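Since the structure comes first, as structure tokens, the remarks are kept for the end.
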Amino acid sequence: MKVLVTVKRVIDYNVKVRVLADHSDVDLKNVKMAMNPFCEIAVEQAIRLKEAGVASEVIVASVGPSAAQEQLRTALAMGADRAILVETDEKLESLTVAKTLAKICESEQPGLVLMGKQSIDTDNNQTGQMLAALIGAAQGTFISEMRVSAEEVEVTREVDGGLQTLALRLPAVLTADLRLNEPRYAKLPDIMKAKKKPLEIKTPADLGVEVKANTRVLKVVPPAERQAGIKVSSVAELVDKLKNEAKVI
Amino acid sequence: MATLLICEHDNQSLKAATYAAVTAALALGAEVDLLVAGEGCAAVATQAAQIAGVRKVYLAEAAAYAQGLAENLTPLVLDLATDYSHLLAPATTQGKNLMPRVAALLDVGQVSEIVAIESPTQFVRPVYAGNALASVESLDPVKVITVRTTAFDAAPASGGNAEVASLTQVHDAGISRFVKEERAQSDRPELTAARVVLAGGRGMGNKEHFALLEALADKLGAAIGATRAAVDAGFVANDTQIGQTGKIIAPELYIGVGISGAIQHVAGIKDSKVIVAINKDEDAPIFQVADYGLVADLNEALPELAKAL
Ligand SMILES: Cc1cc2nc3c(=O)[nH]c(=O)nc-3n(C[C@H](O)[C@H](O)[C@H](O)COP(=O)(O)OP(=O)(O)OC[C@H]3O[C@@H](n4cnc5c(N)ncnc54)[C@H](O)[C@@H]3O)c2cc1C
Ligand SMILES: Nc1ncnc2c1ncn2[C@@H]1O[C@H](COP(=O)(O)O)[C@@H](O)[C@H]1O
């Protein structure tokens with residue numbers, strides 16, 4: 001069974017973003033970029049499936065700028081077999097990404113698609129669900145565990161009230177939550193090897209996908225800053241402040 | 001033009017998230033209808049019909065809808081969608097799971113986790129872990145939206161008298177099946193709706209120390225929350241994680257204990273009215289957002305606090 005993993009190039013999770021003075025967007029100039037952490041978890045899971053003999057091939061795909069090759073190479077260094085970049089400099093929204101990935105699914109016919117649950121830049125949490133809809137597949141979102149059998153995959157999902165287990169018919173689209181695994185670091189020899197692994201570059205037009213805007217961003221503003229308050233010197237003072245100043249207890 | 005809101009419930013009663021989402025739905029300015037889909041959930045529809053301002057409640061009962069499987073609910077929502085300009089759901093794990101599937105099949109985008117409504121086509125939503133707020137205009141003929149429920153007040157539970165209309169069609173896609181559920185058992189209030197939240201981080205050190213928080217929570221009628229690090233370490237259950245990729249809370253009082261204040265955690269707490277931080281490191285970033293900071297070892301501070309309350 002082939003496994004398709006999707007990876008997105010995003011701002012590194014340690015960077016504290018700033019809004020541009022003209023409120024057009026956040027400042028992305030010269031900031032460190034990285035693989036979306038949830039995608040790293042998805043890549044790790046796919047590689048484990050290959051190591052367990054469940055997956056025959058792990059294909060990683062990204063839709064985005066040429067520089068996303070860096071993140072695809074990282075995934076190859078972690079252990080994926082080959083990569084596909086659908087290259088475009090246009091601003092991408094989830095529906096367009098999902099349509100592009102659906103085209104890749106059409107040609108590659110993966111038995112499983114592993115994705116992140118959420119991009120940490122747009123915080124959308126929707127592309128996996130959209131892809132599942134477009135290819136008519138079952139979806140297992142926010143998963144913390146998975147077990148593949150002949151025709152099904154059983155997933156444990158992190159839901160609001162606890163954990164939910166579902167059985168999904170293959171092919172299925174899964175989105176990884178934080179507890180699914182701890183991604184490995186690629187070792188230097190693997191990074192060297194990854195340079196020789198196949199990385200195919202296409203365009204949305206090659207796949208017959210039109211890059212479409214579903215929304216227009218009117219402005220981006222910083223949130224109301226919270227001011228640091230005071231330090232109290234004892235538990236007694238804290239309780240007094242909460243009772244008599246803040247009046248919350 | 002009208003709005004359809006997909007209700008969140010457990011087949012017994014409506015979740016608090018639904019009431020907040022109704023307020024957002026009403027703010028769009030058009031008529032608001034609700035969909036209650038589940039199994040044996042007629043009482044939920046009756047409850048929904050009493051929410052002030054609601055025009056109509058659709059009730060769909062079938063085994064296929066019992067656990068809210070997105071594969072089965074999506075075609076049901078699509079059956080109704082033609083009559084609506086806006087489709088809404090609370091941004092709970094249930095709403096987040098369902099709505100993008102609906103949007104994709106309508107060939108429209110989804111505007112995720114809105115925190116304000118500027119017009120029926122313009123919404124505000126946090127991005128980059130809440131470090132920026134984007135005003136976005138939806139260009140789609142149908143707006144599919146999830147609502148951050150802490151950003152809207154709960155709609156009045158009574159005062160309405162909507163008609164309940166039963167839907168008889170059953171969609172069972174047959175590609176997904178419910179196996180089991182482990183509900184975190186707790187008599188405490190729901191994290192996202194609690195007036196007081198006590199949260200513990202990696203600094204709590206172990207599971208047993210969370211018992212100190214439990215004792216405090218009993219006194220304050222508080223919900224217990226945690227950081228990712230505390231959950232990953234196995235101190236507490238997954239569904240207690242607060243933050244960018246966990247739950248967003250906005251209680252009157254948040255007390256964070258042994259928590260450093262990473263941006264991903266702060267993203268989930270910064271709309272709290274009063275933030276208290278207890279940390280032994282006086283330079284911990286959480287003090288930058290705390291109204292009251294106490295530099296102390298939690299092993300001493302927590303028992304003292306329990307005594308003082
Ligand atoms: C993709 C991604 C998503 C994430 N999502 C979330 C999220 O949703 N929510 C979240 O919380 N995190 C999230 N994180 C993790 C986040 O970056 C931090 O790692 C995490 O919040 C740190 O948790 P902590 O404050 O408990 O631990 P630490 O950062 O280790 O802090 C522990 C603190 O405890 C204090 N301490 C230790 N002992 C004592 C004592 N005896 N008394 C008093 N104080 C003590 C220390 O001084 C320290 O400040 C995410 C990370 C990534 C990469
Ligand atoms: N441009 C993209 N290229 C590849 N994968 C993507 C892209 N955008 C989103 N994804 C995948 O979809 C997941 C959820 O993203 P989102 O819906 O944007 O929060 C991410 O973790 C990725 O795995």
Side-chain angles (χ1 to χ4, degrees), chain A residues 11 13 16-17 19 26 93-95 98 118 120-126 129-130 132-134 137-139 141-142 144 154 158-169 178-179 213-223 226 228-232 235-236 238-239 241-242 246 248-249, chain B residues 70-71 74 92-93 96-97 100-101 103-105 108-112 122 126-140 175-184 220 228 232 237-239 245 252-253 263 270 274 276 287-295 301 304-305 308-309:
Chain A
I11 192 164
Y13 81 95
K16 183 156 176 8
V17 296
V19 171
V26 297
E93 293 190 47
S94 301
L95 185 62
Q118 180 173 335
I120 60 157
D121 51 0
T122 56
D123 283 332
N124 272 330
N125 194 331
Q126 59 186 27
Q129 298 86 313
M130 288 181 164
L134 295 177
Q139 65 189 50
T141 49
F142 330 142
S144 58
E154 203 174 91
E158 293 199 16
V159 295
D160 285 335
L163 297 170
Q164 183 192 53
T165 303
L166 302 178
L168 311 173
R169 189 192 295 163
L178 294 169
R179 253 75 61 184
N214 298 97
T215 60
R216 176 162 50 216
V217 176
L218 303 171
K219 67 170 191 274
V220 178
V221 298
R226 273 196 96 98
I230 58 161
K231 290 246 170 74
V232 291
V235 167
L238 176 62
V239 172
K241 293 280 185 203
L242 293 179
V248 284
I249 57 170
Chain B
E71 296 80 357
T74 298
T92 53
T93 49
K96 288 174 180 176
N97 185 46
R101 194 169 176 107
L105 296 180
V108 299
Q110 171 183 279
V111 185
S112 301
Q122 282 179 30
V127 289
Y128 296 93
N131 285 311
L133 291 169
S135 284
V136 298
E137 178 187 5
S138 163
L139 307 173
D140 288 321
I175 54 176
S176 56
R177 187 163 48 82
F178 173 80
V179 178
K180 65 172 181 195
E181 198 164 44
E182 292 157 55
R183 291 263 148 209
L220 292 167
R228 174 195 178 179
D232 285 0
N238 296 349
D239 72 314
T245 62
E252 275 183 43
L253 174 61
I263 45 176
K270 65 176 184 216
V274 174
V276 172
F287 287 127
Q288 291 162 21
V289 296
D291 300 286
Y292 301 106
L294 176 64
V295 181
E304 261 185 67
L305 196 53
L309 287 172

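Both backbone and side-chain heavy atoms feed into the values below; hydrogens, waters and symmetry mates do not. Every chain is numbered from 1, with letters handed out A, B, ... down the list of sequences. Only a predicted model underlies this, so the values are computations on that prediction, with no experimental measurement involved.
Of the residues considered (B/A301, B/P126, B/G293), B/G293 shows the highest number of contacts with chain A, using heavy-atom pairs under 4.5 Å. Between chain A and the residues B/I263, B/L309, B/V295, B/D232, the most heavy-atom pairs under 4.5 angstrom are made by B/D232. The candidate from A/N124, A/L168, A/V239, A/N125 with the greatest count of non-hydrogen atom pairs under 4.5 Å with chain B is A/N124. With respect to chain A, the highest number of heavy-atom pairs below 4.5 Å among B/L253, B/T92, B/T245 belongs to B/T245. Among B/S135, B/G109, B/A237, B/A132, the residue making the largest number of heavy-atom pairs under 4.5 Å with chain A is B/S135. Put simply, of A/R169, A/K231, A/R226, the one with the most heavy-atom pairs under 4.5 Å next to chain B is A/R226. With respect to chain B, the highest number of heavy-atom pairs below 4.5 Å among A/A133, A/G162, A/A228, A/S94 belongs to A/A133. Across B/V289, B/L305, B/V136, B/L294, the residue that shares the most heavy-atom pairs under 4.5 angstrom with chain A is B/L294. Comparing A/V217, A/I230, A/V220 by heavy-atom pairs within less than 4.5 Å of chain B, the highest count is held by A/I230. Ranked by heavy-atom pairs shorter than 4.5 Å toward chain A, the options B/R177, B/E181, B/Q110 are led by B/R177. Interface summary for chain B: among A/L134, A/I11, A/V17, the most heavy-atom pairs under 4.5 angstrom belong to A/V17.
Using a distance-only test at 3.5 Å, with no hydrogens or angles considered, a donor-acceptor pair links the side chain of A/D160 to the main chain of B/T93. Here the side chain of A/D123 pairs a donor or acceptor atom with the backbone of B/A129 at under 3.5 angstrom.
Put simply, the side chain of A/N214 does not reach to within 4.5 Å of the side chain of B/L139, judged on heavy atoms. Here the side chains of B/Q122 and A/R216 are not in contact, with every heavy-atom distance at 4.5 Å or above. Taking 4.5 Å as the limit, every side-chain heavy atom of A/T141 sits out of range of all side-chain heavy atoms of B/K96.
Only the side chain of B/L220 comes within contact range of chain A, with heavy atoms under 4.5 Å apart. Interface residue A/A132: backbone and side-chain heavy atoms are both found under 4.5 Å from chain B. B/L133 touches chain A through backbone and side chain together, each having a heavy atom under 4.5 Å away. Proximity to chain B (any heavy atom under 4.5 Å) is shown, for A/A213, by both the backbone and the side chain. For a residue to count as touching a neighbouring chain, one of its non-hydrogen atoms must lie under 4.5 Å from one of that chain's; by this rule B/T74 does not touch chain A. Interface remark: A/E158 contributes backbone and side-chain atoms alike to the contact with chain B (heavy atom separation under 4.5 Å). With a 4.5 Å cut-off on non-hydrogen atoms, A/V26 touches chain B through its side chain but not through its backbone. The part of B/E71 that comes within reach of chain A is its side chain, from C-beta onward, which places non-hydrogen atoms under 4.5 angstrom from that chain. Both the backbone and the side chain of A/V159 come within less than 4.5 Å of a heavy atom in chain B. With a 4.5 Å cut-off on non-hydrogen atoms, A/V19 touches chain B through its side chain but not through its backbone.
Screening A/Q129, A/Q139, A/Q164, A/Q126 for a side chain to side chain donor-acceptor pair (under 3.5 Å) involving B/N97 leaves a single residue, A/Q139.
Taking every heavy atom of both residues into account, B/S138 and A/T215 meet most closely at CA-CG2, 4.3 Å. Looking at every heavy atom in both residues, B/A104 comes nearest to A/L95 through CA-CD1, 3.9 Å. Minimum interatomic distance between A/M130 and B/V108 (heavy atoms only, all atoms of both residues): CE-O, 4.0 Å.
How far OH of B/Y128 is from OG1 of A/T122: 8.0 Å, rounded to the nearest 0.5 Å. Once rounded to the nearest 0.5 Å, the distance linking NZ of A/K219 with CD of B/E137 reads 12.5 Å. Distance check, rounded to the nearest 0.5 Å: NZ of B/K180 to OG1 of A/T165 gives 5.0 Å. One distance of note links CG of A/L238 with CD of B/E304; it measures 10.5 Å at 0.5 Å rounding.
Judged as a salt bridge (Lys or Arg N to Asp or Glu O under 4.0 Å), and not counting sequence neighbours, B/K270 has no contacts.
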